[in-house]
Amino acid sequence: MRPFTAAAVQLAPVPGPLTDRSVQDNIGKATAWTRRCAESTGAELIVLPETCTTGFDPAMGAEDLWSLVSDVPGPVTEPFQDTARDLGVHLCLGTYERGPDPGTVHNSAVLIGPDGGVLGVYRKTHPFRVEDVRRGGWTTPGSEVCVADTDLGRIGMAICFDGDFPELWRIQAVRGAELICRPSALLRSADIWELTCRARAYDEHVYVVGANAVGADPAGTLYFGNSLIVTPVAEVVARAASHEGWAAARLDPGTAMGSLTPGSSVPHGFDHLAERNLALYEKHASDLVAPAETAFPHGGPPGRVNGAS
């Protein structure tokens with residue numbers, strides 16, 4: 001990884017029900033914000049929120065949503081590819097992706113390079129319960145991680161609720177990820193958002209660029225923004241507010257883990273990846289993949305009001 005400026009852009013979906021027109025309006029709005037951010041900050045990596053082409057809750061089923069989105073690459077991603085090429089930036093965006101049949105829609109993150117080419121696609125492996133097609137929602141889970149080699153460094157991707165599952169992030173870190181983009185539309189609490197971004201950055205010693213939506217989606221769910229950029233020692237070096245805009249920061253891998261705590265004179269002397277007890281993990285590998293559930297009572301009917309991912 002080399003030094004560069006990264007930015008997390010947060011924006012709101014256009015108001016009203018989801019239609020072909022609103023998808024195009026969302027694309028136009030997101031690409032316009034991308035241009036403004038790049039011109040103002042000089043960012044070489046820009047991350048947009050989860051499903052920024054539609055809003056998270058589309059207020060429709062998978063078959064209707066399938067007809068409004070596209071393959072990747074395809075008509076939905078081409079304007080972003082053109083924008084990345086025009087600006088010469090790396091761009092990570094969240095969008096629903098058309099699967100092979102009308103009942104299959106993926107919640108995807110797409111990494112685009114400065115030549116406009118698609119460098120990688122990650123399909124959300126942990127859909128939030130209200131979106132999960134297995135629970136009556138509209139999203140079919142993915143089954144692969146994605147770590148892409150870029151001119152900036154090795155970049156991985158995770159989407160919103162994926163931030164609650166450290167195993168996914170560990171796989172990416174073991175595969176060499178130095179920075180993980182986290183497009184999101186999270187509405188649990190700002191504390192949970194910050195905790196999971198910082199914990200995953202610290203667990204894996206990676207930069208995290210988390211872009212969280214603002215405004216209301218087609219179902220009327222509201223989002224709080226608070227996009228974050230976090231260093232490999234869990235320092236928040238940029239934080240956005242609750243309205244449309246961005247947070248940007250200069251990332252320098254040469255100093256990312258220079259001190260135990262930010263500004264401390266004590267050097268950072270340990271490595272969570274190198275110091276894993278692999279013998280222990282091998283001994284208990286079956287436990288890591290065994291079905292389990294919490295012992296504490298929880299839950300209730302999944303409703304749209306509880307649906308932010």
Side-chain angles (χ1 to χ4, degrees), residues 11-27 29-30 48-80 92-111 118 120-146 157-165 168 182-188 211-213 215-223 299-309:
L11 65 155
V14 298
L18 191 60
T19 63
D20 285 316
R21 180 64 192 178
S22 68
V23 171
Q24 294 306 310
D25 289 344
N26 281 323
I27 292 170
K29 184 176 183 179
L48 299 172
E50 178 180 17
T51 59
C52 68
T53 59
T54 56
F56 173 70
D57 190 330
M60 62 177 59
E63 293 193 8
D64 290 333
L65 180 59
W66 187 90
S67 69
L68 294 177
V69 295
S70 74
D71 300 340
V72 175
V76 168
T77 61
E78 285 166 1
F80 295 97
C92 179
L93 69 130
T95 183
Y96 286 120
E97 176 189 4
R98 180 180 292 180
D101 62 78
T104 304
V105 175
H106 298 292
N107 184 341
S108 299
V110 183
L111 182 63
V118 173
V121 181
Y122 167 73
R123 298 174 179 96
K124 193 176 186 181
T125 52
H126 301 88
F128 199 70
R129 61 181 305 182
V130 72
E131 69 173 307
D132 194 330
V133 71
R134 298 166 297 185
R135 294 176 176 267
W138 54 91
T139 299
T140 297
S143 59
E144 301 288 341
V145 300
C146 179
M157 291 176 281
I159 301 173
C160 205
F161 193 47
D162 284 327
D164 289 25
F165 299 90
L168 170 66
R182 188 187 182 189
S184 299
L186 190 143
L187 187 67
R188 281 171 282 155
N212 194 36
D217 64 23
T221 309
L222 296 170
Y223 301 92
R304 294 284 182 182
V305 73
N306 298 317
S309 65

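All values below come from the heavy atoms of this structure, side chains included, with hydrogens, waters and symmetry mates left out. On a predicted model such as this, the values are computed, not experimentally measured, just so you know.
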Side chains of [X] and [Y] in contact at under 4.5 Å (non-hydrogen atoms):
X    : Y    : result
F161 : R188 : yes
V23  : V69  : no
T139 : F56  : no

Inset, instruction - Tell me, with the steps shown, if M60 and L68 meet side chain to side chain contact (heavy atoms under 4.5 Å, CB included). - result: CA-CA 11 Å; M60 62 177 59; L68 294 177; 3.8 Å; yes

Inset, instruction - Given side chain to side chain contact (heavy atoms under 4.5 Å, CB included), test Y122 with D162 step by step and report yes or no. - result: CA-CA 11 Å; Y122 167 73; D162 284 327; 2.7 Å; yes

Can you see which heavy atom on [X] is nearest to which on [Y], and at what distance?
X    : Y    : value
P58  : P218 : O-CB, 3.9 Å
L48  : P183 : O-CB, 3.3 Å
K124 : F128 : NZ-N, 4.1 Å
V14  : K29  : CG1-CD, 4.4 Å
C92  : A109 : SG-CB, 4.4 Å
V105 : A62  : CG2-O, 3.5 Å

Inset, instruction - Identify which one of R134, R129, R135 satisfies the side-chain hydrogen bond (donor to acceptor under 3.5 Å, both in side chains) criterion when paired with D132. - result: R134

Inset, instruction - Just jot down the side chain to side chain donor-acceptor pair (under 3.5 Å) partners of Y96, sequence neighbours excluded, or say none. - result: W138

Quick one: [atom1] on [X] to [atom2] on [Y], what's the gap to the nearest 0.5 Å?
X    : Y    : atom1 : atom2 : answer
E131 : N107 : CD    : CG    : 5.0 Å
I27  : L93  : CD1   : CG    : 9.0 Å
I159 : H106 : CD1   : NE2   : 11.0 Å

Inset, instruction - Look only at the side chain of R182 and the backbone of C160, and say whether a donor-acceptor pair between them is shorter than 3.5 Å. - result: yes

Inset, instruction - Kindly write out the residues that satisfy ring pair (Phe, Tyr, Trp, His ring centres under 6.0 Å) with H126, not counting sequence neighbours, or none if the list is empty. - result: F165

Legend entry - Partner of L18 under side chain to side chain contact (heavy atoms under 4.5 Å, CB included), chosen from T54, D64, T53: T54

Legend entry - For R123, salt bridge (Lys or Arg N to Asp or Glu O under 4.0 Å) partners two or more places apart: E97

